[in-house]
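Just below is one structure, and these are the notes that go with it.
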There are 4 protein chains.
Amino acid sequence: MSPKIVLIDEKLEQIREGALSVFAEKGYYSSKMEDIARDAGMGKGTLYHYFKSKEEVFDFMVERFFSEYEGMFQTLEKMGLDEAVDFMVEAAFSLTEKEKRIIQLLLQVWGHAALEKQTKTKVLIQQVYAKYIEQFSGFIARVKKGEKNDYKALSRQIFAMLDGMMIQIFLYPETAGEKEEMKKAILKMIR
Amino acid sequence: MSPKIVLIDEKLEQIREGALSVFAEKGYYSSKMEDIARDAGMGKGTLYHYFKSKEEVFDFMVERFFSEYEGMFQTLEKMGLDEAVDFMVEAAFSLTEKEKRIIQLLLQVWGHAALEKQTKTKVLIQQVYAKYIEQFSGFIARVKKGEKNDYKALSRQIFAMLDGMMIQIFLYPETAGEKEEMKKAILKMIR
Amino acid sequence: MSPKIVLIDEKLEQIREGALSVFAEKGYYSSKMEDIARDAGMGKGTLYHYFKSKEEVFDFMVERFFSEYEGMFQTLEKMGLDEAVDFMVEAAFSLTEKEKRIIQLLLQVWGHAALEKQTKTKVLIQQVYAKYIEQFSGFIARVKKGEKNDYKALSRQIFAMLDGMMIQIFLYPETAGEKEEMKKAILKMIR
Amino acid sequence: MSPKIVLIDEKLEQIREGALSVFAEKGYYSSKMEDIARDAGMGKGTLYHYFKSKEEVFDFMVERFFSEYEGMFQTLEKMGLDEAVDFMVEAAFSLTEKEKRIIQLLLQVWGHAALEKQTKTKVLIQQVYAKYIEQFSGFIARVKKGEKNDYKALSRQIFAMLDGMMIQIFLYPETAGEKEEMKKAILKMIR
DNA sequence: CATGAATGAGTTTTCATTCAT
DNA sequence: CATGAATGAAAACTCATTCAT
């Protein structure tokens with residue numbers, strides 16, 4: 001916790017913020033290191049003090065992005081079913097309401113991960129989803145008093161729906177209004 | 001008198017095939033016109049005889065891709081509920097089984113559409129989804145003897161789930177085995 | 001004078017016309033063989049039946065252009081001074097009045113001739129000017145009952161003025177109205 | 001803290017010099033950015049730090065070229081007629097003696113300005129000539145105690161002759177020896 | 001003869017990365 | 001540490017020329 005570390009963390013935070021903003025809007029290849037640097041409030045050269053390459057900046061930003069939601073479903077442990085579903089859907093939708101950038105970024109990241117060579121991004125996402133599924137199927141098992149493994153498929157379906165909903169909202173923003181229907185649908189699936 | 005006779009449709013088909021293959025594997029920006037041309041069995045210059053730019057090649061390929069599935073849900077008209085759900089899920093999953101490329105391509109296309117400037121790709125996808133939703137909610141209305149508009153949200157949820165499932169399958173190919181659970185889940189949602 | 005020759009001449013004339021038009025407007029390098037062909041009312045390939053290369057088309061057009069004015073000053077032989085000056089200035093100015101293209105073309109041709117490698121165009125222009133000077137200084141010698149060689153410099157000055165006037169007219173088309181002043185100036189120089 | 005200090009003016013001067021040299025010899029379209037860069041002693045990319053495009057480099061060079069002679073005729077203010085004519089002709093001819101490049105460049109610039117789309121170069125030349133004519137007709141008016149506007153046409157004729165002489169000298173370098181005749185002719189025209 | 005589809009060498013331009021200050 | 005000037009590899013795109021029909 002020396003002041004130096006604080007300063008570095010501040011820089012990294014600036015970079016993360018700039019990178020998120022630029023990558024979300026332009027995608028990986030149309031984002032220029034110069035844009036990211038400017039957006040982060042520093043010179044191009046400075047960026048290279050902290051990261052060896054553009055790819056590294058991207059990976060760093062993605063990592064931070066997902067880690068932000070890493071523990072999200074730990075709070076489920078103390079909730080009942082209705083409350084939990086409400087919480088999840090609200091969380092997912094609020095994400096998209098706050099910032100158009102978030103959906104755009106997700107679409108970028110998925111696309112990037114799909115590139116034959118981008119193993120790293122793909123692995124990162126895999127880990128995150130694995131954790132989500134783990135936590136959520138555990139939750140259902142508790143509520144339904146069953147075996148966690150029996151609810152993996154169901155959890156995947158629910159997360160698929162939430163992801164797919166992002167795409168729908170991206171295409172037709174008005175879809176964001178169908179939050180309540182969504183909750184009902186998920187409850188139906190679980191019960 | 002008359003010059004070399006060329007079967008334009010044949011050429012376009014070659015290009016579509018090459019473009020699909022290359023774009024799916026490398027993404028828009030890492031795909032080189034030369035690669036696409038070679039893959040399509042022609043020289044770089046020839047590509048430019050048929051298309052003014054890389055963007056045009058991409059758009060053309062995307063258009064053809066979606067138009068292939070345009071009428072897909074017309075066959076629903078004569079089916080019962082179980083049969084229809086079976087058909088849809090089978091169709092979606094078979095897409096991913098046949099070729100890893102297809103999911104990769106979809107992820108690329110979504111990412112591309114999310115770029116602030118790519119209005120065209122976005123509009124294209126919007127139209128396609130609108131049509132799908134229209135057809136499917138019409139189907140549900142018939143089966144459930146209700147109003148088409150009351151089933152739009154439900155349709156969107158189901159399509160969201162199918163799209164999201166693509167992402168899951170891309171991340172964990174073994175997910176592709178959960179086809180039957182998927183059918184059950186959808187039936188549950190509709191009933 | 002077989003019909004075949006007539007047909008060939010017709011084609012060549014079409015090409016000359018098309019080339020003049022396109023080269024004048026776009027300059028050598030921005031003129032595409034395709035444009036010239038279209039303007040000449042034929043296909044690109046046909047152009048290559050008559051000329052081996054773009055450069056050849058250009059040279060042909062330039063040659064025809066200058067040869068059109070080759071004999072122009074032979075008529076001077078029967079004229080008096082005032083009449084001759086009137087004739088020359090009128091001829092030069094009418095050129096520019098008829099078509100903006102002509103000045104543009106001249107500027108293109110001069111520029112092209114100035115390129116280190118374009119010996120051919122340069123030689124062509126040299127020959128034409130030599131002939132002009134020859135004829136005109138001969139004329140002055142007759143009128144002023146002197147030696148032709150003593151009037152070469154004067155002739156060159158007069159032609160220089162006419163050429164330079166083209167540039168002025170290109171820059172300020174209204175200059176074209178100073179025809180009469182021009183005649184007076186030339187007369188003053190000769191007397 | 002502060003980055004590498006660069007003397008921008010020095011860089012620009014290098015570029016101007018390289019551009020002048022290359023454009024004069026090869027013309028606009030045959031001049032490669034790489035040639036200009038090498039000639040200016042820098043890499044291709046560096047050129048693009050200072051100019052957005054080839055066209056911009058050209059315009060910059062032309063502007064600098066003409067601005068060099070901008071004030072040339074201000075010195076006329078203190079001269080008598082003979083002295084002034086002597087000065088002007090000497091200036092014009094010395095230009096061509098010093099460097100063949102200069103005439104070649106002028107021919108290139110005129111040709112470039114004649115292209116339908118190159119409004120910028122054309123406007124630039126128009127402004128320069130307007131200034132020249134303004135200054136010189138003012139000078140004649142003073143010497144002949146008349147109205148400046150009455151000498152605009154005369155001025156234009158004289159400048160036309162000087163321009164046209166450049167072309168003659170380009171075609172027959174020996175013409176450069178007719179300097180004295182030129183002076184006499186101009187004096188005759190003015191008196 | 002006539003045509004325009006096919007081709008690839010050649011150009012402009014971009015941009016990640018380096019490095020002198 | 002911070003910076004942005006410098007660089008050249010790489011890519012989209014153009015177009016003269018060729019040649020099958």
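Values below: all heavy atoms of this structure, side chains included; hydrogens, waters and symmetry mates excluded. We name chains A, B, ... by the order of the sequence lines, and we start the count at 1 in each one. Just so it is clear, the structure is predicted and the values come from calculations on it, not from any experiment.
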Looking only at side-chain N and O atoms, does C:Tyr50 come under 4.0 Å of OP1 or OP2 in E:dA2?
yes
Could you state the atom-to-atom distance from CD1 of B:Ile8 to C1' of E:dA5 in whole Å?
10 Å
Taking only the side-chain heavy atoms of A:Met33 (C-beta and beyond), determine which of E:dA6, F:dC13, E:dT17 contains the nearest atom.
E:dT17
Nearest to the side chain of B:Lys44, which nucleotide is it out of E:dT3, E:dA9, F:dA10?
E:dA9
Among the nucleotides E:dT13, E:dG10, E:dA2, whichever has the atom closest to the side chain of D:Tyr48 is E:dT13
Is the terminal nitrogen or CZ of C:Lys120 (NZ for Lys, CZ for Arg) located under 6.0 angstrom from the six-membered ring centre of C:Phe58 and within 45° of that ring's axis?
no
Interatomic distance, B:Lys52 NZ vs F:dC13 P [rounded to whole Å]:
11 Å
Is A:Lys11 close enough to F:dA2 that one of its side-chain N or O atoms is under 4.0 Å from OP1 or OP2 there?
yes
Does DNA chain E take part in any stems of at least 3 consecutive Watson-Crick or G-U pairs (both distances under 3.5 Å), and if so, which ones?
E:2-21 with F:2-21
Among E:dT7, E:dA2, E:dA16, which nucleotide sits nearest the side chain of B:His49?
E:dT7
Write down the distance between CG (D:Leu7) and P (F:dG4), rounded to a whole number of angstrom.
17 Å
Residue pair D:Leu47/B:Glu55 against DNA chain F: nearer the 5' end by closest nucleotide is D:Leu47
Check the phosphate of F:dC1 against A:Thr46, side-chain N and O only, distance under 4.0 Å to OP1 or OP2. Yes or no?
no
Residue A:Lys32, side-chain heavy atoms: nucleotide from F:dA2, E:dA16, E:dT13 that is nearest:
E:dA16
So what does D:Ser31 touch, heavy atoms closer than 4.0 Å: a base, only the sugar-phosphate, or nothing?
sugar-phosphate
D:Glu56 side chain to D:Tyr50 side chain, donor-acceptor N/O pair below 3.5 angstrom
no
Please examine the side chains of C:Tyr28 and C:Gln108, heavy atoms only from C-beta on, and report whether any two atoms are closer than 4.5 Å.
no
